[in-house]
Number of protein chains: 2
Amino acid sequence: MAMRKLSLEGPATLRDVARVAGVHPGTVSRALNPQTRGLVNERTARRVLEAAQELGYRPNPIARGLRTNRSNTIGVLVPDLMNPLFAAVVRGIEDGLREAGYTPLIANTDNDAEREQVAYEAMNARQVDGFIAATARRDHWLLADDARTGVKLVLVNRRVDSDALPAVTGDDHEGIRLAVEHLVRLGHRRIAHVAGSQSLYTGWSRHQGFLDAMRSEGLEADPDLIVYSQGFTVREGGRCCGELLERGREFTAVVAGNDLLALGCYDALEQRGLRCPEDVSVVGYNDMPFVDRFRPPLTTVRVPHYELGATAAALMLEQLRGRDLPPRQLLLAPELVVRGSTASRSQHVVP
Amino acid sequence: MAMRKLSLEGPATLRDVARVAGVHPGTVSRALNPQTRGLVNERTARRVLEAAQELGYRPNPIARGLRTNRSNTIGVLVPDLMNPLFAAVVRGIEDGLREAGYTPLIANTDNDAEREQVAYEAMNARQVDGFIAATARRDHWLLADDARTGVKLVLVNRRVDSDALPAVTGDDHEGIRLAVEHLVRLGHRRIAHVAGSQSLYTGWSRHQGFLDAMRSEGLEADPDLIVYSQGFTVREGGRCCGELLERGREFTAVVAGNDLLALGCYDALEQRGLRCPEDVSVVGYNDMPFVDRFRPPLTTVRVPHYELGATAAALMLEQLRGRDLPPRQLLLAPELVVRGSTASRSQHVVP
DNA sequence: GAGGATTATGCACACGATTGCACCGTCTGG
DNA sequence: CCAGACGGTGCAATCGTGTGCATAATCCTC
């Protein structure tokens, strides 16, 4: 007993609207799609619209996606949502996409290559129209994936050397320069750097920024005053700052690769009976929530993470609409936030 | 010129696999689906599997979803991802769903009814198999939505009075009891409460817990020592604690509805020259990241947010698999974390 | 007024996977 | 030796939408 399903419960379909409006489903499709509205008589379109309204018709994205190979969905690859920094980026992305009717599909990767791979495949299978990658690793299989058939890719909080991909990042170079300049004005000359992992983009770029900033201030970037952490964690910050102190080279300030590393510096200093900022000034990076509540309140470089995400979303929409625009690479301006962890140089560290 | 697409680039389809294996697409479908594998000859199934392997066949979830009305996708409604608390919950949900092959679809609602509505509709259109709602409002249209056709609903970090819905929450009653007990043991008798918004579940339940805890400690919960905030923010905490102080009633400790309110209490106390914990002890709730770094380090009640999310995911999977199991309501045990913001009662506040 | 251009709509298939039903061959029991 | 059971596979419809093509209707022009 084959019988056409007709308003038998469930959401209204194109056919239901067609019956009510007294036209063919194809016509309904055209009438409802702004793109093709012009093809259908205005009076008919009006009738269709009313019928759709009356039935509370909602187009089925699944069916549409099957037909069009698009899903109005953007895959978002992020290391870890529990990191407030990335939470802000994701929030910016979501808000930026929403107005255009796109929905983010979010996956945490923990910067693990296999999980990235799996998430990428899964999202591709779900016909995402593009990817926004906030994963921080510098080398990346995604970048080498030539077989990407039409899926767009936008980087956020990281970029590649080749300028081949649209990207939006904070201006680490400028941010670190602000930090170093601030310290120099306070009288510091021997400035150390606890660098983030050099395999992560932000770790690498801030390190480069540090070298350049020191040079342009006419200071020597003593290799003995630079130590490389294995990851952006408090523990690593503590270890690195400890190593710095044990090397016995004089320094009065330290620029940390991010706020967590800076926090680790607090610990290392306190453990050795040194005071911040009286003995050593510390500057962080990112301006995470609540760093103004630390002891002492952390001087740091604010990165507009939410805007980073929102801008990445805009870049993605641009890519989706425009036909093969040249990939733009944007830098967002950072801002130095001076708090209590930096002070005028008053005494040297005598290890 | 209608021509069957055959391995013309693009991902392999069922038909491609069928051709290679020399069988009908329907047979391939049955062979690849563990559910229906038994219907097909073992030798044939083997051949199909090999062909699929060779072609790198990936089932298309969109097409499958169209046919089956399922998407292996769970809608997650959360107030704000930038709140580390919810970030942890979401992370737990994602990890909990992943092993079962489900993907979360996340939307921030800011506890705004309209945005919730919109997100709900959009997700429904995308055929989500269920919803996990972490939105905190006590009254909720979702709960009254009888028309939910087969979509499952699980609450996290909130519940309803009726026991009609599966839910997993922290045991606020016990958590507040731990806090009050701790303060009483330190000698405090006059204990104030800066309550969260009573329209949010957590605000309400912790307030109830406070009343019960005081009673069971044999203490009077003086109405003048309870003030209700409009939201879980630092600013509101400051306002409420200020009001408390201005009322002129003696108290030596305050239990805050969450860590942000507690932080506001810090501010209000400092502004009036009172010290924490020497003059007034403060207890928070949630154990947000870095509250151990505050000045003073915050004594608070730790809620296992990640586990909350993971458990919610498990509950959802249970609902999806099982046929109409009774909705279970789970409580996860909190833990008191004693730090520097609470001390023995030494002196009274003399406003 | 005829023929071509334009407009508006119907028709039917495609997207890729699932699934009820039919069919065919073989085995078994009486 | 035959009927019926059963295991295995093909067939075709279906999910809801989009779209190329055909066709009918209308208009314009010489």
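The chains referred to below are lettered A, B, ... by the order of the sequence lines, with proteins before strands, and numbering in each begins at 1.
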Nearest whole Å is fine: how far is [N] [atom2] from [X] [atom1]?
X      : N      : atom1 : atom2 : value
B:R126 : D:dC15 : CZ    : P     : 22 Å
A:R47  : C:dA8  : CZ    : C1'   : 12 Å
A:Q35  : D:dT17 : CD    : C1'   : 15 Å
B:R58  : C:dC15 : CZ    : C1'   : 20 Å
B:L39  : C:dT18 : CG    : C1'   : 12 Å
B:N41  : C:dC27 : CG    : C1'   : 15 Å
B:R43  : D:dG7  : CZ    : P     : 18 Å
A:R46  : C:dT9  : CZ    : C1'   : 19 Å

**Message:** A quick test of your reading: do over 12 heavy atoms of other residues, nucleotides or ligands sit less than 6.0 Å from CZ of B:R37?
**Reply:**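 Atom CZ in B:R37 is crowded, with more than 12 foreign heavy atoms closer than 6.0 Å.
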**Request:** Tell me, yes or no, whether the heavy-atom count around A:R98 atom CZ, taken from other residues, nucleotides or ligands under 6.0 Å, exceeds 12.
**Result:**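 Correct, the count exceeds 12.
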**Message:** So which atom in A:D95 and which in A:Y306 form the shortest heavy-atom distance, rounded to 0.1 Å?
**Reply:**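 Looks like OD2-OH, 2.5 Å.
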**Request:** Would you check, one step at a time, whether the test side chain to side chain donor-acceptor pair (under 3.5 Å) holds for A:T169 with A:R159?
**Result:** CA-CA 7 Å; A:T169 56; A:R159 62 181 59 213; 2.8 Å; yes
**Request:** Would you check, one step at a time, whether the test salt bridge (charged side-chain N to carboxylate O under 4.0 Å, His left out) holds for B:R19 with B:D16?
**Result:** CA-CA 5 Å; B:R19 286 194 68 237; B:D16 297 331; 5.8 Å; no
**Request:** Run through A:L105, A:I132, A:V154 and flag the one making a side-chain contact (heavy atoms from CB on, under 4.5 Å) with A:I74.
**Result:**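 Answer to the side-chain contact (heavy atoms from CB on, under 4.5 Å) test with A:I74 among A:L105, A:I132, A:V154: A:I132.
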**Main-chain N/O of B:A133 paired to B:T135 side chain as donor or acceptor, under 3.5 Å** =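 No; judged by distance alone, with no hydrogens or angles, the pair does not exist.
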**Message:** For B:V23 and B:L66, find the nucleotide of DNA chain D closest to each by heavy atoms; which residue's nucleotide sits nearer the 5' end?
**Reply:**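 Per heavy-atom nearest nucleotide, the more 5' residue is B:V23.
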**Request:** Report yes if a side-chain nitrogen or oxygen of A:T44 is closer than 4.0 Å to either non-bridging phosphate oxygen (OP1 or OP2) of C:dT9; otherwise report no.
**Result:**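 For A:T44, the contact criterion (side-chain N or O under 4.0 Å from OP1 or OP2 of C:dT9) is met.
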**Message:** For a quick test of reading the model: is some side-chain N or O of A:R15 closer than 4.0 Å to OP1 or OP2 of D:dT17?
**Reply:**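 So the side chain of A:R15 is outside the cut-off, no N or O lying under 4.0 Å from OP1 or OP2 of D:dT17.
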**Item:** A:L14, nearest nucleotide to its side chain (from D:dG18, D:dC15, D:dG10)
**Value:**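 The answer is D:dG18, which lies nearest to the side chain.
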Identify the pairs formed between an N or O of the protein and an N or O of nucleotides 19-21 of chain C at a distance under 3.5 Å, and give each distance.
residue, atom, partner, partner atom, Å
C:dG20, O6, B:R30, NH1, 3.3

